[in-house]
K.L.:
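Structure incoming, see below.
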Number of protein chains: 2
Amino acid sequence: MGRKSLKEPRQKEIIKAFYKIVKKEGLENASIQKIAESIQINPSLIMHYFRSREHLVYGLVEFILDRWLHIFDVKDAEDPMDELRAVLDNVFSKKWNSLFDDGTSYSLYSLAFRNKTIRQRYKHLLDTLRQRLAEMIAACNKTKQLTVKDPAAAADIIFVLVDGAYYYLSLVDDKAEYDLRLAVYKQHALKVLN
Amino acid sequence: MGRKSLKEPRQKEIIKAFYKIVKKEGLENASIQKIAESIQINPSLIMHYFRSREHLVYGLVEFILDRWLHIFDVKDAEDPMDELRAVLDNVFSKKWNSLFDDGTSYSLYSLAFRNKTIRQRYKHLLDTLRQRLAEMIAACNKTKQLTVKDPAAAADIIFVLVDGAYYYLSLVDDKAEYDLRLAVYKQHALKVLN
DNA sequence: AAATATATTGAATGAACGTTCAATATATTT
DNA sequence: AAATATATTGAACGTTCATTCAATATATTT
C-alpha cells in the first residue's frame, strides 16, 4: 500500500546532476545545494534518497566505475580475435574521452586512499577489467590466433600502458600530438600480444 | 631598514604542515584553520604569506612537483649506464612511496583539469622528466652501451609504464604481490631499452 | 473515502569556511 | 631613541555547508 517508490530513477537523476557539476566545478565544490538547484528540487530531497553526502559520492563512484565496463561493449563476433581488436580499439580511442572526465576520475580515485569502501570498489573494478581482457586473450590462444604465454600478465601490462598513457595524454592539448601518441601506445600494447 | 623577512622559511613551514594534513584528511578537508592550529600560528599569518588558499595550493603543487626530480638524484658515475640503472632503480623502488603520498598526488593532479596554472606546471614537469631520461639514454648510446633508436620515445614509454604501474599498485595492499608486480613492470621497462 | 506509504517542501540548525582589517609586537637601521 | 619594515595576533565578517525535522502533498490500496 501507499505511493510507488521513485527511488531508483530519482537517485540516478541526482547522480547525473552531481556528475555534471563535478565536471564543471570539481568534486569539492559540488554541494548538495548546487545539485538540488540544478534540477530544481529541494536539497532535503537529496538527503532523503542518499543519507549523506558520503553516500552520494558512493553513488557517483558506482556510476563512473560502471562506465569502465563499456569498453567491452563490442559486437559479438565468431572470431575472438576480432572481439579483442575491437576492445583494444575502444580502449585506445576517443571513446575513452567521451566516457570519462579526467578531472572527475582522478578526484574520485584519490578518495580511495582515505576510504576503504571506495578503495575496494576501485580495486575490484581494475581486477575485473584485467581478468576479462585476459579471458579474451586466452580465447585467441585457444583458436591458435595468438600464442601468449601468460594471458593474465599480458592483460595486466596492457592496462598498465592504458592507465599510464592517459595520465600523460590528459594534459596534451594538441590534437595531432594526442592522436600520434595514442597510436604509439596502442602499438606497444599490441606488441605485448606477439 | 625594518625587520628581516621570514617569508621563505615560514612559507615552507606552512606548506609542509599543509601537506601533512592533506595526507591525513584530504585536500578538501585541509583548511587554513587546521594548518594554523597544527603549527600553532594564527590563521591570518597564512593569509599574510599566501594571499589566498588558491596560492597555498600552488605552493603545495610546487613542493610536490619538485620531489619528482629527486628520482634523478644518483651518484655521479663515469659510466652513464650505471647512472641510468640507478635512476630506474629509484623509479621502480620503495623510494617512490617515501617521496609521494598517492592520495595527495591524485588530488592535486585532478586540479590540473580546472586550473590552467597547475595544468601547465604538471605538463612541464612530465616533459622535463621524459627529456632528462631521454638524455641519459642518449648518453648510453654514445658509449655504445645501448643502441636505442629513439631515446625520446623510449623514455616516454618508460614513464607511461611508471605512471600506469603506480596507478594499479597504489591499490595493492599485499607487500609480496606489490614487490612482484613492481619487478615485472621494471623488467618491461628495461626491455624497452634493448 | 479512509488508510497509508512515499514524495517533496521549507525552515532552521550550528559549524566551519576563507578572508578582512586594524592593532600590536618585534627586529633592524639610522 | 626614533623610524620603519615585517611578523603576528585577534576579532569580526558574511557565506556556504551538510544535516535535521516537522509539515504538507500525492499516489496507491483497501
Side-chain angles (χ1 to χ4, degrees), chain A residues 1-61 104 107-108 110-111 114-115 117-118, chain B residues 1-61 104 107-108 110-111 114-115 117-118:
Chain A
M1 219 206 242
R3 198 169 166 175
K4 266 184 193 164
S5 175
L6 294 177
K7 199 171 182 178
E8 231 172 288
R10 263 296 197 223
Q11 284 189 328
K12 186 146 265 177
E13 183 190 8
I14 291 167
I15 287 173
K16 281 185 179 177
F18 187 25
Y19 184 35
K20 206 177 270 186
I21 294 175
V22 172
K23 273 200 276 190
K24 202 194 292 180
E25 310 192 34
L27 183 59
E28 68 277 19
N29 299 315
S31 66
I32 309 275
Q33 357 248 347
K34 283 181 189 168
I35 302 165
E37 196 180 329
S38 78
I39 50 176
Q40 300 182 86
I41 60 170
N42 199 291
S44 315
L45 196 57
I46 297 179
M47 298 302 294
H48 172 67
Y49 285 114
F50 302 87
R51 296 188 359 240
S52 63
R53 189 179 192 274
E54 188 183 351
H55 285 84
L56 181 58
V57 171
Y58 290 158
L60 183 58
V61 168
T104 307
S107 281
L108 291 178
S110 76
L111 298 182
R114 277 175 295 124
N115 185 301
T117 305
I118 296 179
Chain B
M1 219 206 243
R3 199 170 163 173
K4 266 185 193 160
S5 175
L6 293 176
K7 199 171 182 179
E8 230 172 288
R10 262 298 197 220
Q11 283 189 330
K12 185 145 266 176
E13 183 190 8
I14 292 167
I15 287 173
K16 281 185 179 175
F18 186 25
Y19 184 36
K20 205 178 270 186
I21 293 174
V22 171
K23 274 200 277 188
K24 202 195 293 182
E25 310 192 34
L27 182 60
E28 70 277 20
N29 298 315
S31 66
I32 308 276
Q33 358 246 350
K34 283 181 190 168
I35 302 165
E37 196 179 329
S38 78
I39 50 176
Q40 301 184 85
I41 59 170
N42 200 288
S44 316
L45 195 57
I46 296 178
M47 298 303 292
H48 172 66
Y49 285 113
F50 301 86
R51 293 185 5 234
S52 63
R53 188 180 193 274
E54 189 184 350
H55 285 83
L56 181 58
V57 172
Y58 291 158
L60 183 57
V61 168
T104 307
S107 281
L108 292 178
S110 76
L111 298 182
R114 278 174 292 123
N115 184 302
T117 304
I118 295 179

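In what follows, chains carry the letters A, B, and so on, assigned in the order in which the sequence lines appear, proteins first and then strands, with residues in each chain numbered from 1. Everything numeric here is computed off the predicted structure, so don't read it as measured data.
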K.L.:
Across the strands shown, which category fits A:S44 at heavy-atom distances under 4.0 angstrom: base, sugar-phosphate, nothing?
P.N.:
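Here A:S44 touches the bases of the nucleic acid.
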K.L.:
Mark yes or no for whether B:R114, through its side chain, and A:E25, through its backbone, hold a donor-acceptor pair below 3.5 Å.
P.N.:
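Yes, the answer is positive, given that a donor and an acceptor are paired below the 3.5 Å cut-off.
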K.L.:
Between P on C:dT28 and CE on B:M1, what's the gap in Å once rounded to a whole number?
P.N.:
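To the nearest whole Å, that distance equals 14 Å.
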K.L.:
Of all the nucleotides listed (D:dA7, D:dA18, D:dA27), which has the minimum atom distance to the side chain of A:R3?
P.N.:
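The listed nucleotide nearest to A:R3's side chain is D:dA27.
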K.L.:
Measure the spacing between CG of B:L6 and OH of B:Y49 and express it to the nearest 0.5 Å.
P.N.:
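One gets 5.0 Å once the value is rounded to the nearest 0.5 Å.
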K.L.:
Measure from the side-chain heavy atoms of B:M47 and tell me the nearest of D:dT28, D:dA18, C:dT19.
P.N.:
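Shortest atom-to-atom distance from the side chain points to C:dT19.
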K.L.:
Using whole Å, report how far CD1 of B:I46 lies from C1' of D:dA7.
P.N.:
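Spelled out: CD1 on B:I46 to C1' on D:dA7 is 14 Å.
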K.L.:
Name the pairing partner of C:dT28, where a pair is Watson-Crick or G-U wobble with both distances under 3.5 Å, or state none.
P.N.:
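Its partner is D:dA3.
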K.L.:
Scan every strand shown for a Watson-Crick or G-U wobble partner of C:dT13, both distances under 3.5 Å, and answer none if you come up empty.
P.N.:
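Paired with D:dA18.
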K.L.:
Between the base of C:dG18 and the side chain of B:S52, is there a donor and acceptor pair under 3.5 angstrom?
P.N.:
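It does not, because no donor-acceptor pair links the side chain of B:S52 to the base of C:dG18 below 3.5 Å.
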K.L.:
Counting only side-chain heavy atoms from C-beta out, which of C:dT20, D:dA7, C:dA7 sits nearest to B:L6?
P.N.:
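Selected nucleotide (nearest to the side chain): D:dA7.
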K.L.:
With heavy-atom distances below 4.5 Å as the criterion, would you say the side chains of A:L27 and A:F18 are in contact?
P.N.:
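Yes. Closest side-chain heavy atoms under 4.5 Å.
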K.L.:
To the nearest 0.5 Å, what is the distance between CD1 (A:I39) and CG (A:L45)?
P.N.:
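Rounded to the nearest 0.5 Å, the CD1-CG separation comes out at 8.0 Å.
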K.L.:
Would you say C:dG18 has OP1 or OP2 under 4.0 Å from some side-chain N or O of B:Q33?
P.N.:
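Yes.
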K.L.:
Any chance you could measure B:K12, atom NZ, to B:E8, atom CD, to the nearest 0.5 Å?
P.N.:
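B:K12 atom NZ to B:E8 atom CD measures 7.5 Å (nearest 0.5 Å).
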K.L.:
Whole Å only: how far is the CD atom of B:E37 from the P atom of D:dT8?
P.N.:
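Whole-Å distance recorded here is 18 Å.
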K.L.:
What is the distance, to the nearest angstrom, from the CG atom on A:N42 to the C1' atom on C:dG10?
P.N.:
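Spelled out: CG on A:N42 to C1' on C:dG10 is 6 Å.
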K.L.:
Strictly by Watson-Crick or wobble contacts shorter than 3.5 Å, is anything paired with D:dA11, and which nucleotide is it?
P.N.:
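Paired with C:dT20.
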K.L.:
How many Å lie between CG on B:N29 and C1' on C:dA15, as a whole number?
P.N.:
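Taking CG of B:N29 and C1' of C:dA15, I get 14 Å after rounding.
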K.L.:
Report the distance from atom CG of A:L27 to atom P of D:dC17, rounded to the nearest whole Å.
P.N.:
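Going from CG in A:L27 over to P in D:dC17 covers 13 Å.
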K.L.:
Output the rounded distance in Å from NZ (A:K7) to P (C:dT8).
P.N.:
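That distance rounds to 14 Å.
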K.L.:
Does A:R10 make a side-chain N or O approach to OP1 or OP2 of C:dT6 shorter than 4.0 Å?
P.N.:
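No, outside the criterion.
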K.L.:
If you find the nucleotide of DNA chain D closest to A:G2 and the one closest to A:E54, which residue's nucleotide is nearer the 5' end?
P.N.:
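Counting from the 5' end, the first nearest nucleotide belongs to A:E54.
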K.L.:
Working to the nearest 0.5 angstrom, can you tell me the gap between A:E13 CD and A:R10 CZ?
P.N.:
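Spacing of CD (A:E13) from CZ (A:R10) equals 4.5 Å.
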K.L.:
CD of A:E28 versus P of C:dA16: gap in Å, rounded?
P.N.:
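Rounding to the nearest Å, CD of A:E28 and P of C:dA16 are 20 Å apart.
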K.L.:
If you only use heavy atoms from C-beta on, which nucleotide in C:dC17, C:dA7, D:dC17 is closest to the side chain of B:S31?
P.N.:
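Of the options given, the side chain of B:S31 lies nearest C:dC17.
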K.L.:
Would you mind classifying the nucleic acid contact of A:Y49 as base, sugar-phosphate or nothing, using non-hydrogen atoms under 4.0 angstrom?
P.N.:
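Sugar-phosphate contact only - A:Y49 comes under 4.0 Å of backbone atoms but never of a base.
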K.L.:
Which comes earlier along DNA chain D counting from the 5' end, the contact point of B:H48 or that of A:I32, where each point is its nearest nucleotide?
P.N.:
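The 5'-side residue here is B:H48.
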